[in-house]
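Take a look at the structure below.
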Amino acid sequence: AGESVAVALRDVSHHYGGVAALHDIHLDIGKGAVIGVVGANGAGKSTLGKIIHGSLRPSSGQVRIGEPGARPVRSSLVPEGRALFKTLSLRENLEVAGYAVGVQGSALRTRLDETAEWLPERLRARLSVAAAGLSGGEQQILAVARALMARPDVLILDEPALGLAPALVDEVYARINQLARDGMTIVLLEQLLSRALTSCHEVVVLHEGRVAARGDASDPLFAETAELAYFGGE
Ligand code: ATP
């Protein structure tokens with residue numbers, strides 16, 4: 001993680017009608033960080049992810065994505081449940097994502113080739129088969145690849161491990177971590193604290209819409225603090 005801040009949230013609160021989802025979130029995310037946002041069902045992870053992505057405007061507070069004066073930062077969200085086009089081929093799923101950010105023609109082909117290089121060999125060999133034929137883990141990897149078509153600086157993943165066999169979870173997470181080594185900022189929304197602690201640099205624990213703890217994932221003292229915070233303790 002470098003010095004520069006990719007995302008800064010100040011006093012961010014959100015409510016859906018009368019339902020409060022987030023309270024006074026103050027959070028800086030450094031460029032190139034792999035940050036895990038953990039919390040139980042309803043803790044506010046998805047809401048925070050959409051606000052960081054910029055697709056949801058918070059009820060109050062400030063969101064800054066990128067450094068003032070620097071080039072605008074692009075962010076991309078891999079939603080929970082993946083939302084792939086199952087009847088389209090892998091290549092078509094990637095193409096649609098390219099069109100969505102205005103890339104066409106030879107630029108689209110180049111971008112598709114670059115994105116395909118990130119895919120595991122077994123998926124690269126199956127670019128023309130329908131997405132419906134992929135396993136759950138493979139679909140998750142395709143969903144990440146689709147988000148990569150936007151060439152994001154910040155990538156937000158909403159529970160990418162949901163419903164996957166443990167071996168596939170490891171593969172998906174290893175591939176996500178590889179992106180951070182290349183300078184991308186990764187925000188992983190994750191229900192399991194143990195998984196966030198093993199696969200992220202830093203962990204933020206949300207409890208009932210508030211940041212209940214934040215620390216270095218490799219610090220054994222933090223693991224205890226985080227566990228207490230997760231369940232609403234001090
Ligand atoms: P999950 O793991 O179940 O996805 P989460 O930690 O991602 O949970 P959010 O989805 O952000 O939590 O939800 C936070 C709170 O906001 C919950 O009380 C939820 O019921 C509520 N909420 C979320 N989306 C909406 C919505 N569109 N309309 C009304 N309430 C909502």
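When a ligand or atom number is given, it counts from 1 through the structure's own listing order. Below, each value reflects all heavy atoms present in this structure, side chains not excepted, and no hydrogens, waters or symmetry copies.
For Gly44, a nitrogen or oxygen atom sits less than 3.5 Å from a nitrogen or oxygen atom of ligand 1, counting backbone and side chain alike.
By the criterion of side-chain heavy atoms lying less than 4.5 angstrom apart, applied directly or through intervening Ile, Leu, Val, Met, Phe, Trp or Tyr residues, Met184 is grouped together with Ile176 in one hydrophobic cluster.
Considering only non-hydrogen atoms, atom 4 (O) of ligand 1 lies nearest to Ser46 out of Ala43, Ser46, Gly42. The option with the heavy atom closest to atom 2 (O) of ligand 1, from among Glu190, Lys50, Glu208, Lys45, is Lys45.
Near Glu159, with a cut-off below 4.0 Å to any heavy atom, the atoms of ligand 1 are 2 (O). Taking every heavy atom of Ala40 and a limit of under 4.0 angstrom, the matching atoms of ligand 1 come to 6 (O). Listed by atom number, the atoms of ligand 1 under 4.0 Å from Gln191 heavy atoms are 2 (O). For ligand 1, the atoms lying closer than 4.0 Å to a non-hydrogen atom of Ala21 are 14 (C), 15 (C), 16 (O).
The single protein non-hydrogen atom nearest to atom 1 (P) of ligand 1 is Asn41 OD1, 3.6 Å, given as residue, atom name and distance. Scanning the protein heavy atoms around atom 31 (C) of ligand 1, the nearest turns out to be Tyr16 CD1, 3.3 Å. Nearest protein heavy-atom neighbour of atom 18 (O) of ligand 1: Val19 CG1, 3.9 Å. Protein heavy atom at the shortest distance from atom 9 (P) of ligand 1 is Thr47 OG1, 3.7 Å.
A 6.0 Å sphere centred on CD of Gln191 holds more than 12 heavy atoms belonging to other residues, nucleotides or ligands. No more than 12 heavy-atom neighbours from other residues, nucleotides or ligands sit within 6.0 angstrom of CZ on Arg57. Other residues, nucleotides and ligands place more than 12 heavy atoms under 6.0 Å from the CD atom of Gln178.
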| task | Kindly indicate, with the supporting measurements, whether the criterion side chain to side chain donor-acceptor pair (under 3.5 Å) is fulfilled by Tyr16 and Thr47. | result | CA-CA 10 Å; Tyr16 298 97; Thr47 302; 2.7 Å; yes
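For the residue pair His23 / Ser13, no side-chain donor-acceptor distance below 3.5 Å is found, with atom types taken as modelled. Counted by atom type alone, Thr198 and Tyr173 present zero donor-acceptor pairs between their side chains at under 3.5 Å.
Atom CD in Glu138 sits 7.5 Å away from atom CG in Leu168 (nearest 0.5 Å).
Within a 4.0 Å radius of atom 20 (O) of ligand 1, the protein contributes no non-hydrogen atoms. For atom 14 (C) of ligand 1, a protein heavy-atom neighbour is present inside the 4.0 Å cut-off.
Looking at Leu48 and Leu189, their side chains never come closer than 4.5 Å, going by heavy atoms from C-beta outward.
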